[in-house]
Amino acid sequence: MAEAEEPKKLESETLSDPPPAPATPATSSEEKPAVEEAPKEECKEKSEEKAPESADESKAIAIVEKPCEPAEEKKSKEVSDRDAVLARVETEKKISLINAWEESEKSKVENKAHKKLSVVGSWENTKKASVEAELKKYEEKLEKKKAEAVEQMKNKIALIHKAAEEKRALIEAKRAEDLLKAEETAAKYRATGKAPKKLLSFF
């Protein structure tokens with residue numbers, strides 16, 4: 001009986017005594033130094049967790065630190081992104097300026113070439129007009145010379161024809177004269193009954 005009562009007594013004593021509260025390292029100031037102050041830009045988020053309540057309703061607070069991106073890295077990332085955007089904008093601006101310059105230069109080249117082509121066309125037309133005028137003048141001169149030469153040839157032909165006609169007239173006159181003389185001589189010979197001597201000489 002005594003042995004049966006002793007376990008019951010011990011059991012009752014263990015049930016009546018509350019368990020000791022666990023010592024948390026966060027509450028003791030001697031074991032863990034105070035939490036350092038965060039930099040100008042907070043880089044850590046703190047959350048509080050409640051430990052399970054003990055019999056004497058003591059609370060234990062545990063600080064859980066969640067890592068976040070460092071402020072310097074975040075700032076440098078923003079700066080790099082901003083620099084990239086500025087660089088892209090600057091590049092696009094330079095490309096736009098280059099394209100505008102190219103178009104301007106091409107326009108200048110086209111205008112310059114057009115002016116030169118206009119000058120060449122005007123020079124060509126002037127030279128052609130001058131040569132054509134000179135050719136026309138030369139043709140007129142040739143026509144004048146040709147007309148003069150034709151006139152001279154016609155005059156020469158007329159003179160030749162006149163000379164020929166004069167010679168024909170002299171020959172005709174001489175023939176008529178000789179015929180008349182022959183007829184008169186023949187009549188004289190008939191009247192005298194004598195034969196002409198010259199005719200006998202032919203025999």
Side-chain angles (χ1 to χ4, degrees), residues 39-41 43 68-203:
K40 293 180 181 180
E41 295 182 7
C43 63
C68 64
E69 293 182 357
E72 293 181 357
E73 290 183 3
K74 189 175 181 180
K75 188 175 181 180
S76 63
K77 187 176 180 181
E78 292 178 355
V79 170
S80 63
D81 292 341
R82 185 179 63 186
D83 292 342
V85 171
L86 291 175
R88 186 170 64 252
V89 171
E90 189 68 21
T91 302
E92 291 177 355
K93 185 177 179 182
K94 287 181 180 179
I95 291 172
S96 298
L97 290 174
I98 291 170
N99 291 335
W101 177 86
E102 183 181 6
E103 292 298 327
S104 177
E105 289 298 317
K106 285 182 177 180
S107 179
K108 287 179 182 178
V109 170
E110 290 293 336
N111 292 333
K112 190 175 181 180
H114 183 70
K115 287 181 180 179
K116 287 185 177 180
L117 290 174
S118 298
V119 170
V120 171
S122 177
W123 174 83
E124 181 184 10
N125 293 332
T126 303
K127 289 294 181 181
K128 285 172 69 175
S130 177
V131 172
E132 287 175 357
E134 186 177 356
L135 178 62
K136 188 175 181 181
K137 187 176 180 180
Y138 185 72
E139 287 176 351
E140 290 176 354
K141 190 175 181 180
L142 288 176
E143 288 293 330
K144 187 176 180 180
K145 286 184 176 182
K146 181 180 177 181
E148 290 177 356
V150 169
E151 187 68 25
Q152 287 178 2
M153 294 300 107
K154 286 181 179 180
N155 292 335
K156 286 182 178 180
I157 291 170
L159 291 174
I160 291 169
H161 181 70
K162 184 179 180 181
E165 289 294 327
E166 288 177 356
K167 288 182 179 182
R168 287 190 188 98
L170 290 173
I171 292 170
E172 290 292 332
K174 180 69 174 170
R175 184 180 68 173
E177 184 180 355
D178 290 342
L179 287 174
L180 182 60
K181 187 176 180 178
E183 288 176 357
E184 289 177 354
T185 304
K188 186 177 179 179
Y189 282 129
R190 286 188 192 98
T192 60
K194 292 181 180 180
K197 296 179 179 178
K198 290 183 179 179
L199 182 62
L200 295 176
S201 61
F202 288 105
F203 295 99

Pairwise distance CD(E110) to CD(E103) - rounded to 0.5 angstrom: 10.5 Å

Check against side-chain contact (heavy atoms from CB on, under 4.5 Å), K144 and E140: CA-CA 6 Å; K144 187 176 180 180; E140 290 176 354; over 6 Å; no

Pairwise distance CD1(I157) to NZ(K154) - rounded to 0.5 angstrom: 8.5 Å

Pairwise distance OH(Y138) to NZ(K145) - rounded to 0.5 angstrom: 7.0 Å

Side chain to side chain contact (heavy atoms under 4.5 Å, CB included) partners for E102, two or more places apart: N99, K106

Contact check, side chains of K115 and K112, non-hydrogen atoms, under 4.5 Å: no

T192 side chain to K188 backbone, donor-acceptor under 3.5 Å: yes

For E165, side chain to side chain contact (heavy atoms under 4.5 Å, CB included) partners two or more places apart: H161, R168

Pairs meeting criterion side chain to side chain donor-acceptor pair (under 3.5 Å) with involvement of residues 82-95, two or more places apart: none

Partners meeting side chain to side chain contact (heavy atoms under 4.5 Å, CB included) with V89 (sequence neighbours left out): V85

Backbone N/O of S118 and side chain of S122: donor-acceptor pair under 3.5 Å: no

Pairs involving residues 170-186, ordered by first then second residue, that meet side chain to side chain donor-acceptor pair (under 3.5 Å) (sequence neighbours left out): E172-R175

Partners meeting side chain to side chain contact (heavy atoms under 4.5 Å, CB included) with E134 (sequence neighbours left out): none

